[in-house]
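Here is the structure we will look at, set down as structure tokens.
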Amino acid sequence: MATAAAPPRPTITGRNPRERETATRPHSGQGRLAVLLVSPTVLVLLLVVGFPLVEAFRQSLYGAPGIDPVTGFVNDAEPFVGLRNFTDIFTDQGERFWNAIGNTTFFGVATIVPEVVIGMVMALLMARALRGRGLIRSAILIPWAIPTAISGLLWSWIFNVDGVANRIFGTSVLWATEGFQAKAAIIIAEVWKTAPFVGLLTLAGLLIIPEELYEAARIDGASAWQRFVNITLPLVKPSLTVAVLFRLLDALRMFDLPYILIGPRKSSVETLSMLAQNEAYNVRYGAAAAYAIILFGYVSVIAFVFVKVLGANIIDSKG
């Protein structure tokens with residue numbers, strides 16, 4: 001006589017494996033609710049990112065109005081030129097573009113390095129239990145709170161021929177003219193303004209480090225430098241990486257500070273954002289849109305590579 005099969009043994013939770021799999025499977029109602037909750041954000045992104053990008057690409061396919069080479073008459077309409085605004089950067093007309101790309105990259109690298117060093121020092125000072133710590137934090141954050149336009153005007157007075165900078169160094173440098181001194185003025189002003197931002201984000205990472213780790217390291221005889229290298233830097237790395245990413249993306253879009261401090265159409269400090277603005281100001285909207293799209297792609301690639309290269313290390317360090 002055949003015996004009946006024994007029923008599946010219940011698990012610790014009181015359910016057999018099939019019931020547990022069914023219980024953990026997401027329901028269709030939950031999926032629809034998730035789509036409904038996310039849809040407003042997606043719609044806003046499409047409106048503020050997707051539509052301007054598509055419109056900019058459409059505008060980049062047209063040239064500036066002028067004399068029609070066929071009829072010889074003035075044509076007020078923008079002629080369709082296809083991808084000429086993009087391909088012109090590889091001709092003699094692209095010399096100004098490549099100079100702007102070089103300045104954009106130079107300012108992005110030259111400002112990030114001192115900002116990270118100074119921002120780390122600021123974060124260490126703000127994290128210490130000192131008397132008047134609140135006053136120190138407020139004073140450090142003042143440059144970051146000042147609008148960039150006002151900051152540019154302040155530094156233009158400092159770098160004036162009769163300004164504070166020349167009086168301190170005992171020189172008569174024309175900081176606002178073409179040359180490396182204009183780049184140096186931009187770097188100094190930018191680091192002064194944005195280093196507190198890096199320090200603020202780094203401070204957030206410092207405050208979550210348990211004090212017991214430093215106490216154990218002191219008992220083991222670790223020096224201050226060893227505690228900084230082996231405890232502070234590894235644990236503050238996620239916050240510091242986010243700060244560097246934000247500042248790098250912001251530096252690659254630099255426009256207002258060199259425009260106000262040095263001025264437009266200065267080849268030594270002209271960035272890609274300044275070039276796009278100048279093309280639009282001269283009613284060459286197609287070229288301006290093309291430069292804006294290239295800048296968007298450049299910043300996107302830098303952000304993607306940055307996250308892929310350093311993002312994996314952050315996840316590994318947490319694991």
Side-chain angles (χ1 to χ4, degrees), residues 48-49 103-130 132-159 183-209 228 232-262 269 271-274 295-296 298-307 309-311 313-314 317:
V48 303
V49 178
N103 289 335
T104 301
T105 306
F106 173 78
F107 285 132
V109 176
T111 57
I112 288 298
V113 175
E115 284 173 6
V116 170
V117 176
I118 298 175
M120 176 63 73
V121 174
M122 290 180 175
L124 293 174
L125 289 176
M126 291 186 290
R128 298 194 61 179
L130 300 174
R133 181 173 56 181
L135 180 61
I136 294 176
R137 292 182 179 180
S138 301
I140 288 177
L141 294 178
I142 286 176
W144 179 58
I146 297 176
T148 306
I150 304 301
S151 176
L153 290 176
L154 293 175
W155 282 99
S156 65
W157 296 334
I158 294 175
F159 287 121
K183 286 185 169 67
I186 295 296
I187 293 173
I188 293 173
E190 180 73 4
V191 170
W192 174 83
K193 174 174 174 51
T194 55
F197 174 77
V198 179
L200 182 64
L201 293 186
T202 307
L203 175 64
L206 287 176
L207 295 180
I208 63 175
I209 300 177
F228 175 76
T232 304
L233 277 184
L235 295 182
V236 85
K237 182 181 177 182
S239 300
L240 187 60
T241 303
V242 172
V244 172
L245 177 60
F246 286 172
R247 278 300 308 132
L248 180 61
L249 299 183
D250 190 43
L252 292 176
R253 299 181 294 107
M254 185 184 299
F255 169 80
D256 42 5
L257 184 61
Y259 189 89
I260 296 174
L261 180 56
I262 305 300
V269 298
T271 63
L272 196 51
S273 296
M274 298 174 65
L295 177 60
F296 175 81
Y298 183 48
V299 173
S300 301
V301 170
I302 293 296
F304 178 79
V305 173
F306 193 92
V307 171
V309 172
L310 297 181
N313 293 335
I314 296 175
S317 64

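The analysis underlying the following values was restricted to heavy atoms, covering all of them including side chains, and did not include hydrogens, waters or symmetry mates. Note that the coordinates shown come from a computational prediction; the quantities given were computed from them, not determined experimentally.
Considering all non-hydrogen atoms of both residues, Pro258 and Met254 come closest at CD-CG, 3.5 Å. Residues Arg247 and Glu190 come closest through the heavy atom pair NH2-OE2, 2.8 Å. In terms of heavy atoms, Val299 sits closest to Leu252 at CG2-CB, 4.0 Å. The shortest non-hydrogen separation linking Ala189 to Leu261 is CB-CD2, 4.1 Å.
Shown here are the ring-ring contact (aromatic ring centres under 6.0 Å, His included) partners of Trp157, two or more places apart in sequence or in another chain: there are none.
Using a 4.5 Å heavy-atom cutoff, the side chains of Ile187 and Phe106 are in contact. Leu249 is not listed as a side-chain neighbour of Phe306, based on a closest heavy-atom distance of 4.5 Å or more. Considering only heavy atoms from C-beta on, Trp192 stays 4.5 Å or farther from Ile118 through its side chain. Residues Leu248 and Thr111 fail the side-chain proximity criterion, which asks for heavy atoms closer than 4.5 Å. At least one side-chain heavy atom of Ile188 sits less than 4.5 Å from a side-chain heavy atom of Phe159. With contacts defined as side-chain heavy-atom distances shorter than 4.5 Å, the pair Glu115/Ile112 qualifies. Within the 4.5 Å cutoff, the side chain of Met122 has no heavy atoms near those of the Leu203 side chain.
The CG atom of Leu207 sits 11.0 Å away from atom OG1 of Thr202, with the distance rounded to the nearest 0.5 Å.
Around atom CZ of Phe255, more than 12 heavy atoms belonging to other residues, nucleotides or ligands sit under 6.0 Å away. More than 12 heavy atoms of other residues, nucleotides or ligands shown are found within 6.0 angstrom of OH on Tyr298.
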* **Criterion side-chain hydrogen bond (donor to acceptor under 3.5 Å, both in side chains) on Tyr259 and Ser273, from CA distance to verdict** => CA-CA 10 Å; Tyr259 189 89; Ser273 296; over 6 Å; no

